[in-house]
Protein chains: 2
Amino acid sequence: MSLEDLGDKGRRAKSERAAAKSGVGAKPTLKTIAELTGLAVTTVSHALADAPQIALETRQRVRKVAADIGYLPDRAAQRLRTGRTNVISLVLDPHEEILGYATSMINGLTEALRGTAYHLVITPHFSDTPQIEPVRHIMRNRMADGIVFTRTEPADERVKLLMENNFPFICHGRTELATAHPYVDYDNYSFAYQAAKKLIAAGASKLSIILPPERFTFAHHLRHGFMTAVREEGIGFEIAKGVTLDSKSDDIRDYLFQRMAEPERPDGYICGGEVSALAVMASAYDHHLELGRDIRLVAKQTSGLFDQIRPRVETIYEDLTEAGFLMGELLLKRIAGPAPIQELQALQTV
Amino acid sequence: MSLEDLGDKGRRAKSERAAAKSGVGAKPTLKTIAELTGLAVTTVSHALADAPQIALETRQRVRKVAADIGYLPDRAAQRLRTGRTNVISLVLDPHEEILGYATSMINGLTEALRGTAYHLVITPHFSDTPQIEPVRHIMRNRMADGIVFTRTEPADERVKLLMENNFPFICHGRTELATAHPYVDYDNYSFAYQAAKKLIAAGASKLSIILPPERFTFAHHLRHGFMTAVREEGIGFEIAKGVTLDSKSDDIRDYLFQRMAEPERPDGYICGGEVSALAVMASAYDHHLELGRDIRLVAKQTSGLFDQIRPRVETIYEDLTEAGFLMGELLLKRIAGPAPIQELQALQTV
DNA sequence: AGCCTCATCTATATCGTTACAAATTTTTCG
DNA sequence: CGAAAAATTTGTAACGATATAGATGAGGCT
C-alpha cells in the first residue's frame, strides 16, 4: 500500500508540475478519462473505438467525458502501438516553376484532410539526390501512411517501388506502366489539342508549343494532342527546341526572341505554364509584334494571374486546388483499404 | 527459459512476417543494434547519444553498426518518451494572395531543416475558425516543438499566447507588443519609402498606395514609409480606399479602373504585391494610359514573374525563400534553448 | 589482502495506446 | 435455484525509446 501511495503521490506531483509549467491543465489521456468514469483504461479505449462489446450506455458516457475534457489521442502513442502514422507525405520538388503550383496542391490536400486525423508533412526532394530517395526513405522508415508526389514519368521508378511494396500513394500524372495505379491527372492531350484548334481558328498559320522536359509523361500527352491537331489541320508546326517549361523564364524568352526574329517564325504559341506564356508575350513585345494579330497565344491558366494580363490572352483552365483535393480523397480511400483501381483514378477534363 | 524462448520465437516469427510483407529487411531498432554488438539496448541508446560514460571505442563501434544497417530512431517512440515531437508546424493561411508566397517560405524552411531531425507539418488555418485556434491546438496537444506563422498583427493574440506559455515560435512580421519576441520581417517601411522616392524622381505628381488590411502590422510600416516620403517631398497622395492587397484581383482592378477615370487621379502607384501591380497595369491599359508616361508603378517583386512583364516595371525585391530559411534557422536556435532575443530577430533590408 | 574509486555497462520503469486473453457480472432458462 | 451462456469489463504485454538508479569489474591504495 505504502508503495502504491508513494507512486501515486509521485505521479500526481509530477503532473501538477507539468500543469503549472504549461499554464493549462495537464493533457488528458485515456487514464484521465478512466479515473473520471471509474472504468479501466482498456475499457475507455474500446469505448472510444466504438467497440460493440462495450455497453452502448458506457460508450456514450465515455464519449461525453472525452469531449468535455477535450481528449485527443496521443499521436505518438498511437503511432508506436499501431504502426499507423496518420501522416500523409507530400514530396515536393523544388523545381516547380508553375507559380503557386505547390500552394494550390497543398490547399487542396489540406481541405481533403480536414476533419481527419491525418497531418500533411512536406518532404522536400533536394535536387542533388535521386528522385526516388525521399520515397524510399518514407517507405523504409514508415514516415507516413501514404505518399503524394508529382511530375510523374512514363516508367516512374517511384510508382514501381511503391506498387511492389503495396504502399499507398497517389501521383499527379500517369505512367505508361502495364499495371494500373492510382493517379490524378489533367487531360493535357485535350488541352494541347483544343489550344491548337483555337489558334488555328483564330488564324494562326504555324504553331509552336513549349513542352515540359521529355522525361515527364505529360510532355508526351501534350505533344500527342498538339500533333493530332496540326495533322488534322495540315498546318505548319514546330516544337520549341532547347527550352522546356522547366527552363529559366529568361532563357525561354531569349529563345523565343531569337526565334521570332527568323523568317519562318511561328505565329501561334501554346504554353503549358503561365510564366512561359508571359515569356512569349515579352518577346513579342520586344519585337513590336502585336498579340492577336502577329502572334497568337493560348496559355494554361492555373491562377488568377491572367485575369490581369493585358492584352487579354486566351487561356484554358487547370484547377490545381481541385487536383490536390482529389489526390487527398483518393489517397485516403486507398489507405482505408484496397479499392477497385478505377475508383482511385481521376482525370480532370479541360 | 522455455517462456523466454517462446517469446523470442513469437517475436521473430512476427518480424519475419513483417519483413516478408514489406519486401525489405525489418526496420532496425536499438534492439537490432544491441543484438549485433552484444550490448544492452540501454548502452546502445547512450552510445548513440554520445554519452561520455560509454567508452569511446564502444561509441564508435555502435555508430558504425548503426550506420551500416541504416538505423534511424523511431520518431513515435522518441516522441512518446521524451515529449519532443521533432516537428515544426507552419500555420498556413489559405488567404495568401502573393503568388508562391507559401511555396517560397516552405522552400526556405525545408532548406533550414535539412539535415536535422525536424519535419515540416503544414497546419492549415481554415478561414471559418479564429486565427488563434490552430496555434492553441498545436500548443495544447503538443503537436510540434515550434510554430511558424505569418501575417502578424500589432497586438497579435498568437504571439501573446505563445509568449505566455514560453512556447517556441517565430513569425513573419513584427508586433507592437512591449515584450520583444522572435521574428523575421522585411523592411516594408523602407520599401514604401524608396518606392515613393523612385516614383517622384520619375516624375509622378500624385502617389497612391494599395495597402494590406489594416490589421496587419506591415500595413502600418508601409503606410509610415509612404507618408514619410510624401511629406518630405510635399507631394499629393492617397491611400487606396475599399480595397487591400487581400482583395480579389478583379476588385482591385475595378477600383483602379474607376479611380483612373476621375480627374484627380494619382499617376504613381506603389504595389506591395505582384498581382495588384498587374491590376494597376491592366486598368491603365484598359484606359489607354501609357505606363511610364501617364502612370508610373513600383511593385514589390517576390518571384521571377516581373522579369517577363512588359512594359518593364520598376520593382524592389523581397526574398521570401530567404525569409523562410531565416525563420527555420532562428526557430531551431530558439528550440535548442533560450537565446538573447536579438539573436532571434532578423530584418531583411530592401 | 581488503576496501574504495572510477570507468563502463545494464536492469527497470515509463511515455499513452491497443491487441489479446481472461475475468467478472448479468441474463437466460431448465 | 443453480449452471450455462451472454454481455460487459479488465489485466497484461507490447510498440521503441530514454531517465534513473544500480551493477559489474578493473585498478589503486593502505
Side-chain angles (χ1 to χ4, degrees), chain A residues 3-4 6-8 10-11 13-15 18 26-35 37-62 66 69 71-86 117 141-143, chain B residues 3-4 6-8 10-15 17-18 26-35 37-62 66 69 71-86 117 141-143:
Chain A
L3 258 175
E4 272 178 53
L6 247 170
D8 262 333
R11 216 173 293 126
K14 187 174 173 188
S15 91
K27 188 183 153 197
T29 70
L30 288 182
K31 197 165 149 214
T32 319
I33 303 179
E35 279 159 9
T37 56
L39 293 165
V41 169
T42 311
T43 314
V44 175
S45 172
H46 283 156
L48 288 174
D50 224 23
Q53 74 263 29
I54 303 293
L56 184 61
E57 192 269 331
T58 307
R59 275 182 269 168
Q60 287 167 341
R61 189 162 54 100
V62 168
I69 65 175
Y71 167 78
L72 225 83
D74 185 284
R75 318 192 102 234
Q78 262 180 336
R79 177 168 173 176
L80 178 59
R81 180 64 244 240
T82 65
R84 297 187 60 241
T85 63
N86 282 331
N141 299 101
R142 262 235 116 83
M143 294 309 229
Chain B
L3 256 175
E4 272 178 54
L6 246 171
D8 263 332
R11 216 173 293 126
R12 203 176 321 119
K14 189 172 171 189
S15 91
R17 237 180 296 126
K27 188 184 152 195
T29 69
L30 288 182
K31 198 166 150 216
T32 320
I33 303 179
E35 279 160 9
T37 55
L39 294 165
V41 169
T42 311
T43 313
V44 176
S45 173
H46 284 157
L48 288 174
D50 223 22
Q53 73 263 31
I54 303 294
L56 185 60
E57 193 269 331
T58 308
R59 275 182 271 168
Q60 287 167 341
R61 190 162 53 98
V62 168
I69 65 175
Y71 167 79
L72 224 84
D74 184 284
R75 316 192 103 234
Q78 258 179 339
R79 177 167 172 175
L80 178 60
R81 181 64 242 239
T82 65
R84 297 187 60 241
T85 63
N86 281 332
N141 299 101
R142 262 235 118 82
M143 295 311 229

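Predicted, not measured: the structure shown is a model, and the values here were computed from it. Below, all heavy atoms of this structure are taken into account, side chains as well, without hydrogens, waters or symmetry copies.
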CG on A:Asn86 to CD on A:Gln78, rounded to 0.5 Å: 6.0 Å
Interatomic distance, CD@B:Glu57 vs CZ@B:Arg59, rounded to 0.5 Å, equals 11.0 Å
Are B:Thr58 and C:dC9 close enough that a side-chain N or O sits under 4.0 Å from OP1 or OP2? yes
A:Leu30 CG to D:dT10 C1', in whole Å, measures 14 Å
Not counting sequence neighbours, which residues clear side-chain hydrogen bond (donor to acceptor under 3.5 Å, both in side chains) with B:Arg84? List them please. B:Tyr118
Short side-chain N/O contact to D:dG16 OP1/OP2 from B:Gln78, under 4.0 Å: no
Considering every strand and a 4.0 Å limit on heavy-atom distances, what is the contact class for B:Thr42: base, sugar-phosphate, or nothing? base
May I have the distance from A:Ile54 (atom CD1) to D:dA7 (atom P), rounded to whole angstrom? 13 Å
Let me know the distance between CZ of A:Arg79 and P of C:dG16, rounded to the nearest Å. 17 Å
For the helix from C:dA1-D:dT30 to C:dG30-D:dC1, measure the angle between the helix axis at one end and the axis at the other, each built from five pairs, rounding to 10°. 70°
Measure the distance from CD on A:Glu57 to P on D:dA7 and round it to the nearest whole Å. 17 Å
A:Leu56 CG to D:dT9 P: how many Å, rounded? 11 Å
Could you list all N or O pairs between the protein and nucleotides 24-28 of chain C that sit under 3.5 Å apart?
none

Do other residues, nucleotides or ligands put more than 12 heavy atoms under 6.0 Å from A:Arg142 CZ? no
Testing the basics here: between A:Tyr71 and A:Leu30, what is the closest heavy-atom pair and its distance to 0.1 Å? OH-CD2, 3.4 Å
Expressed as a whole number of angstroms, how long is the span from B:Lys31:NZ to D:dT18:C1'? 17 Å
State whether the distance check finds a donor on one side and an acceptor on the other, under 3.5 Å, for side chain A:Arg81 versus base C:dT18. yes
Side-chain donor-acceptor contacts of residues 37-54 of chain B below 3.5 Å, not counting sequence neighbours, with atom names and distances?
from, atom 1, to, atom 2, distance (Å)
B:Thr37, OG1, B:Ile33, O, 2.8
B:Thr37, OG1, B:Ala34, O, 3.4
B:Thr37, OG1, B:Leu39, N, 3.4
B:Asp50, OD1, B:Arg63, NH1, 3.1

Without decimals, in angstroms, what is the distance between A:Asp74 CG and D:dC15 P? 18 Å
Short side-chain N/O contact from A:Thr82 to OP1 or OP2 of C:dT18, under 4.0 Å: no
Can you measure B:Leu39 atom CG to D:dT18 atom P for me and round it to whole angstrom units? 15 Å
Between A:Ala77 and B:Gly38, which residue's closest nucleotide on DNA chain C lies nearer the 5′ terminus? B:Gly38
Heavy atoms within less than 4.0 Å of DNA chain C: which residues of residues 45-53 of chain A have one? Give them sorted by number. A:Ser45, A:His46
Please classify the nucleic acid contact of A:Thr29 as base, sugar-phosphate, or nothing, using heavy-atom distances under 4.0 Å. sugar-phosphate
Minimum heavy-atom distance between B:Thr85 and B:Arg75, given as atom pair plus value: O-NH1, 3.8 Å
Quick one: does A:Met143's side chain get under 4.5 Å of B:Leu72's, heavy atoms only? yes
Base, sugar-phosphate, or nothing: which does B:Ala40 touch, judged by heavy atoms less than 4.0 Å apart? sugar-phosphate
A:Asp74: what forms a side-chain hydrogen bond (donor to acceptor under 3.5 Å, both in side chains) with it, not counting sequence neighbours? A:Lys27
